[in-house]
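We number each residue from 1, following the sequence as shown.
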Amino acid sequence: MESTQDNGNLANVRHIILVMSGKGGVGKSTLSTQIALALRHAGKRVGILDVDLCGPSIPRMLNAVGKEVHQCDSGWVPVYVDQEKTISLMSIGFLLDGQDDAVVWRGPKKNAMINQFINDVAWGELDFLIVDTPPGTSDEHISTVQALRPFKPMGAVMVTTPQAVAVGDVRRELTFCKKTGLAVIGIVENMSGFVCPYCSECSNIFSKGGGEELAKYAGVPFLGCVPIDPLLSKSAEEGKDFIQEFPNSAAYPALTSIAKLILEKAALTI
């Protein structure tokens, strides 16, 4: 992120990455969390901005449920999820009275909340800010991209699953990026086969190759395939650090490879 203007609370954030998909349930929040963890283990300082206002699941994935957001002179202080303060998180989940509370808001209130998240969170110095977005291409996405435009985001990571229904929705998200001038870092095919933990045979439950074909069609990089991994699901449910705890798992090499490609791309944009 390069800018000559005063960028306020984002002034010391080097790279902003949006994680997007036109389809719900493809694993955007899981990928956002794991990319952040992989970048942290590569020695980077990372923030996660959860703008999925109706489904804020990242606090649970990072074992941060119940933590409180505090105020400072610059605005909200994000929640730090590790003692070293290398990963910080801001989510609507921290502002609700209970885990079962629903966000029943119309567009203008959602858009105002997104703008407040982007402008009023005191992130401090970060190498990367990962923005986890809701599914679709409507109000929340337009507000997020417009609010971030002055800060020159690095681009978007698109998440799809292999089947044609999901790929079709991500194709529309690519069109959204083109229309809004948001660069596409690449496409990730999530849930790409199930690797048996006993015999290591891969079963392509949802078919395979849709994400890679879409990347070729759109002329954007393909970042890799992440298989269905029970250890990854268990880590997300329990708020554990998958990257640290399961380096021999099926999904580990895919996730660390995606992070490495992001780091290489970031090095070219400095």
Side-chain angles (χ1 to χ4, degrees), residues 16-35 49-58 61 103 107 110-111 114 130-149 153-195 202-229 232-233 236 250-251 254-255 257-259 261-262 265:
I16 299 173
I17 296 173
L18 292 86
V19 179
M20 309 178 78
S21 175
K23 188 75 173 172
V26 299
K28 289 184 301 300
S29 296
T30 300
L31 262 295
S32 295
T33 302
Q34 299 310 318
I35 289 171
L49 176 57
D50 182 2
V51 295
D52 191 349
L53 301 181
C54 295
S57 54
I58 292 185
M61 293 181 182
V103 175
K110 287 183 179 180
N111 297 340
I114 289 170
I130 309 296
V131 183
D132 181 38
T133 68
T137 56
S138 57
D139 275 6
E140 289 106 315
H141 295 78
I142 296 169
S143 295
T144 301
V145 172
Q146 286 181 340
L148 286 173
R149 185 170 288 127
M154 178 176 158
V157 171
M158 295 289 171
V159 184
T160 187
T161 50
Q163 63 267 49
V165 172
V167 170
D169 286 338
V170 178
R171 186 180 289 114
R172 285 183 278 276
E173 193 81 31
L174 287 166
T175 302
F176 169 86
C177 289
K178 185 176 181 179
K179 288 184 175 181
T180 57
L182 180 63
V184 176
I185 297 169
I187 294 175
V188 175
E189 182 176 296
N190 196 26
M191 307 182 200
S192 183
F194 170 73
V195 179
C202 182
S203 301
N204 295 316
I205 299 173
F206 300 124
S207 76
K208 187 175 178 64
E212 189 168 7
E213 286 298 317
L214 177 59
K216 290 178 181 177
Y217 169 81
V220 300
F222 181 64
L223 300 179
C225 298
V226 180
I228 298 171
D229 188 335
L232 178 54
S233 300
L255 292 167
S257 174
I258 291 166
L261 291 171
I262 289 171
K265 175 73 172 178

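The CG atom of Leu223 sits 11.0 Å away from atom CE of Met158, with the distance rounded to the nearest 0.5 Å. The NZ atom of Lys28 sits 10.5 Å away from the OG1 atom of Thr160 when rounded to the nearest 0.5 Å. Here the CG atom belonging to Asp229 is positioned 11.5 Å from the OG1 atom belonging to Thr30, to the nearest 0.5 angstrom. Summarising the geometry, atom CD1 belonging to Ile35 is positioned 6.0 Å from atom CD1 belonging to Ile130; distances are rounded to the nearest 0.5 Å. Note that CG of Leu148 is 5.0 Å distant from CD1 of Ile16, once rounded to the nearest 0.5 Å. In this structure, CD1 in Ile17 is found 13.5 Å from CG in Leu49, a value given to the nearest 0.5 Å.
Under the salt bridge (charged side-chain N to carboxylate O under 4.0 Å, His left out) criterion, the residue pairs touching residues 157-176 are Lys23-Asp169, Asp169-Arg172, with sequence neighbours excluded. Pairs of residues two or more places apart, or lying in two chains, never qualify as side chain to side chain donor-acceptor pair (under 3.5 Å) while including a residue from residues 174-188.
Between Gly209 and Pro162, the closest heavy-atom pair is N-CB, 4.4 Å. Shortest non-hydrogen contact noted between Ile58 and Ser29 is CG1-CB, 4.0 Å. Shortest non-hydrogen contact noted between Glu189 and Ser192 is OE2-OG, 2.7 Å. Between Pro153 and Leu18 the shortest heavy-atom distance is CB-CD1, 4.0 Å. Taking each heavy atom of Cys177 and Val184 in turn, the nearest pair found is CB-CG2, 4.0 Å. Among all heavy-atom pairs drawn from Val226 and Ala251, the shortest one is CG1-CB, 4.1 Å.
Distance alone, capped at 3.5 Å, places no donor-acceptor pair between the Glu140 side chain and the Thr133 backbone. Side-chain N or O atoms of Asp139 include none that pairs as donor or acceptor with a backbone N or O of Gly107 at under 3.5 Å.
Of the candidates Leu182, Val51, Asn111, Thr144 forms a side chain to side chain contact (heavy atoms under 4.5 Å, CB included) with just one, namely Val51.
Residues passing the side-chain contact (heavy atoms from CB on, under 4.5 Å) test with Thr161, sequence neighbours excluded: Val26, Gln163, Ala166, Met191. Qualifying side-chain contact (heavy atoms from CB on, under 4.5 Å) partners for Ala215, counting only residues two or more places apart in sequence or in other chains: Ile187, Val220, Phe222. Under the side-chain contact (heavy atoms from CB on, under 4.5 Å) criterion, Asn204 pairs with Cys202, Lys208, not counting sequence neighbours. For Asp50, the side chain to side chain donor-acceptor pair (under 3.5 Å) partners two or more places apart in sequence, or in a different chain, are Ser91.
With contacts defined as side-chain heavy-atom distances shorter than 4.5 Å, the pair Leu53/Ile114 qualifies. A 4.5 Å side-chain heavy-atom check between Pro221 and Leu261 finds every atom pair outside the cut-off. A heavy-atom distance below 4.5 Å is not found between the side chains of Met61 and Ser32. When side chains are defined from C-beta on, Val157 does not count as touching Ile258, because their heavy atoms never get closer than 4.5 Å. In this structure, the side chains of Val159 and Val170 stay at 4.5 Å or more apart for every pair of heavy atoms.
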Task: side-chain contact (heavy atoms from CB on, under 4.5 Å) between Leu214 and Leu174, worked out - done: CA-CA 10 Å; Leu214 177 59; Leu174 287 166; 3.9 Å; yes
